[in-house]
Peer 1: 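Take this structure first; my questions come after.
Each ligand, and each atom within it, is numbered from 1 in the order the structure gives.
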Amino acid sequence: MMRTSMNRTKIKICGIKTQQDIVIMNRTKPDYAGFVFFEKSKRHLTYDQAADLLANLDHGITPVAVCVSPDSARIEAIARLGFPIIQIHGNLTNEMIEQWPNQIWQAVNVEGEDLPEIMSHPKIVGYVVDGAKYGSGQSFAWSKELAKACVSLPHLILAGGLNAENVCEGIQLFQPDIVDVSSGVELPEMGKDAAKVEAFIRAVREGA
Ligand SMILES: O=C(O)c1ccccc1N[C@@H]1O[C@H](COP(=O)(O)O)[C@@H](O)[C@H]1O
């Protein structure tokens, strides 16, 4: 059985780090932009940096705060920045769900052949199915079996190692609601590569 989505596949560009990235977002207009709050990541932002970036983000692009097993101070600070969605990797607990006032995307990092267990709660409105190591640019092992398992997810965000070359195959196999990319549209040093962002968006929107 396949997922059936009547709507076009939406796009999230993750790991926004610089004002130049914001210029690229505002010009190319993905549906979502991801901001990482995780000290071990090269894409980590301080709250002040995030506030400066958010102030310039086009209102038509929904910002998503990305974090790993956040403590309550982290959740409070991200909520204060006004993010409508938090994407949580690692542990997701009932306490976090209670504290966070808005929508949640639960990230599941696939290590083997099976889909990890997911939580169910009215605030959890999406599931990010990602490679084993977040933000590594590596896919999980795509298979028809995993695509079938994903059919049960109410809102699927496909992530992990996507780029302009493989995203159409991912869309065909998983029929995701949203595709999510970071490494695949990045410059070697820091920030997003405008040409790669454009090619990714064109591939998704035009099937090119
Ligand atoms: O990008 C990061 O450094 C990161 C850190 C902590 C949690 C998630 C992170 N990134 C997420 O990883 C996926 C896929 O990224 P990639 O395209 O494989 O590089 C995406 O959801 C990012 O939000």
Side-chain angles (χ1 to χ4, degrees), residues 9-18 21 24-25 28 30-47 49-50 53 57 61-71 74-75 77-78 83-92 96 100 103-111 115-116 118 124-142 146 150 153 155-171 174 176-193 196-197 199-201 203-204:
T9 311
K10 292 187 175 171
I11 299 168
K12 170 171 167 258
I13 306 290
C14 200
I16 302 308
K17 183 79 185 150
T18 66
D21 291 345
I24 296 170
M25 294 304 100
T28 57
D31 301 280
Y32 302 89
F35 298 78
V36 174
F37 300 92
F38 182 56
E39 274 93 353
K40 290 183 186 159
S41 169
K42 63 178 180 183
R43 306 175 184 110
H44 172 69
L45 295 168
T46 65
Y47 302 124
Q49 285 171 329
L53 295 171
L57 185 69
I61 303 170
T62 303
V64 179
V66 176
C67 50
V68 181
S69 310
D71 62 17
R74 168 88 74 217
I75 292 176
I78 292 173
F83 280 93
I85 303 172
I86 191 170
Q87 170 178 327
I88 300 185
H89 293 252
N91 294 330
L92 174 58
M96 293 172 194
W100 175 253
Q103 296 187 335
I104 298 170
W105 288 355
Q106 181 181 10
V108 289
N109 292 91
V110 181
E111 297 204 4
L115 194 63
I118 57 157
I124 305 176
V125 300
Y127 297 90
V128 181
V129 178
D130 189 6
K133 279 183 78 183
Y134 24 76
S136 65
Q138 287 167 13
S139 322
F140 55 92
W142 289 359
L146 259 173
C150 287
L153 301 178
H155 200 79
L156 172 64
I157 299 119
L158 179 65
L162 293 178
N163 54 51
E165 284 72 47
N166 66 11
V167 69
C168 290
E169 187 190 340
I171 290 172
F174 288 90
D177 299 284
I178 302 170
V179 286
D180 179 3
V181 61
S182 188
S183 310
V185 294
E186 213 154 48
L187 294 164
E189 53 290 358
M190 190 181 32
K192 296 300 160 201
D193 181 324
K196 287 186 178 174
V197 171
F200 186 86
I201 291 181
V204 177

Peer 1: With backbone taken as N, CA, C and O and side chain as the heavy atoms from C-beta onward, which portion of Ile157 lies under 4.0 Å from ligand 1: side chain, backbone, both, or neither?
Peer 2: neither

Peer 1: In ligand 1, which numbered atoms sit nearer than 4.0 Å to a non-hydrogen atom of Val68?
Peer 2: 6 (C), 7 (C)

Peer 1: Using a strict 4.0 Å cut-off to heavy atoms of Arg43, name the atoms of ligand 1 that fall inside it.
Peer 2: 1 (O), 2 (C), 3 (O)

Peer 1: At their closest point, which heavy atom of Trp100 faces which heavy atom of Pro84, and how far apart are they?
Peer 2: CZ2-C, 4.3 Å

Peer 1: Would you please determine whether Gly34 falls within less than 4.0 Å of ligand 1 on a heavy-atom basis?
Peer 2: no

Peer 1: In ligand 1, which numbered atoms sit nearer than 4.0 Å to a non-hydrogen atom of Val181?
Peer 2: 17 (O)

Peer 1: Please name the pair of heavy atoms, one in Pro63 and one in Phe35, separated by the smallest distance, quoted to 0.1 Å.
Peer 2: CB-CE1, 3.8 Å

Peer 1: Measure from the side-chain N and O atoms of Asn109 to the backbone N and O of Gly131, and report whether any donor-acceptor pair falls under 3.5 Å.
Peer 2: yes

Peer 1: Which residue supplies the protein heavy atom nearest to atom 13 (C) of ligand 1, what is that atom called, and how far is it?
Peer 2: Asp130 OD2, 3.3 Å

Peer 1: Closest heavy-atom contact between Leu153 and Tyr127?
Peer 2: CD1-CB, 4.0 Å

Peer 1: Between Gly15 and Val36, which heavy-atom pair has the shortest distance, and what is it?
Peer 2: CA-CG2, 4.2 Å

Peer 1: Out of Ser139, Cys14, Gly135, who gets a non-hydrogen atom closest to atom 15 (O) of ligand 1?
Peer 2: Gly135

Peer 1: With heavy atoms only and a cut-off of under 4.0 Å, state how Ser182 meets ligand 1: side chain, backbone, both or neither.
Peer 2: both

Peer 1: Suppose we measure from atom 3 (O) of ligand 1 to each protein heavy atom; which comes out shortest, and what is that distance?
Peer 2: Ser41 OG, 2.6 Å

Peer 1: Quick one: which ligand 1 atoms are inside 4.0 Å of a heavy atom on Val36?
Peer 2: 1 (O), 5 (C)

Peer 1: Rounded to the nearest 0.5 Å, what separation is found between the CZ atom of Arg43 and the NZ atom of Lys17?
Peer 2: 10.0 Å

Peer 1: Does any N or O in the side chain of Gln49 come within less than 3.5 Å of the main-chain N or O of Thr46, such that one atom is a donor and the other an acceptor?
Peer 2: yes

Peer 1: Just by distance, do the side chain of Lys192 and the backbone of Cys14 share a donor-acceptor pair under 3.5 Å?
Peer 2: yes

Peer 1: Is it the case that ligand 1 has an N or O less than 3.5 angstrom from some N or O of Val128?
Peer 2: no

Peer 1: Using a heavy-atom cut-off of under 4.0 Å, does the side chain or the backbone of Lys12 touch ligand 1, or both, or neither?
Peer 2: side chain

Peer 1: Show the nearest heavy-atom pair for residues Phe140 and Ala159, with the distance to one decimal.
Peer 2: CE2-O, 3.8 Å

Peer 1: Which bit of Gln87 gets closer than 4.0 Å to ligand 1, counting heavy atoms only: side chain, backbone, both or neither?
Peer 2: side chain

Peer 1: With heavy-atom distances below 4.0 Å as the criterion, list the atoms of ligand 1 near Ser183.
Peer 2: 16 (P), 17 (O), 19 (O)

Peer 1: Could you identify the single nearest non-hydrogen protein atom to atom 21 (O) of ligand 1 and state the distance to 0.1 Å?
Peer 2: Asp180 OD2, 2.5 Å

Peer 1: What is the distance from atom CD1 of Ile24 to atom CD1 of Ile13, rounded to the nearest 0.5 Å?
Peer 2: 10.0 Å

Peer 1: Looking at ligand 1, does Gly15 have a heavy atom less than 4.0 Å from it?
Peer 2: no

Peer 1: Would Gly131 count as a contact of ligand 1 if the rule is a heavy atom under 4.0 Å away?
Peer 2: no

Peer 1: Return the minimal non-hydrogen interatomic distance between Gly34 and Val66, and the atom names on each side.
Peer 2: CA-CG2, 4.4 Å

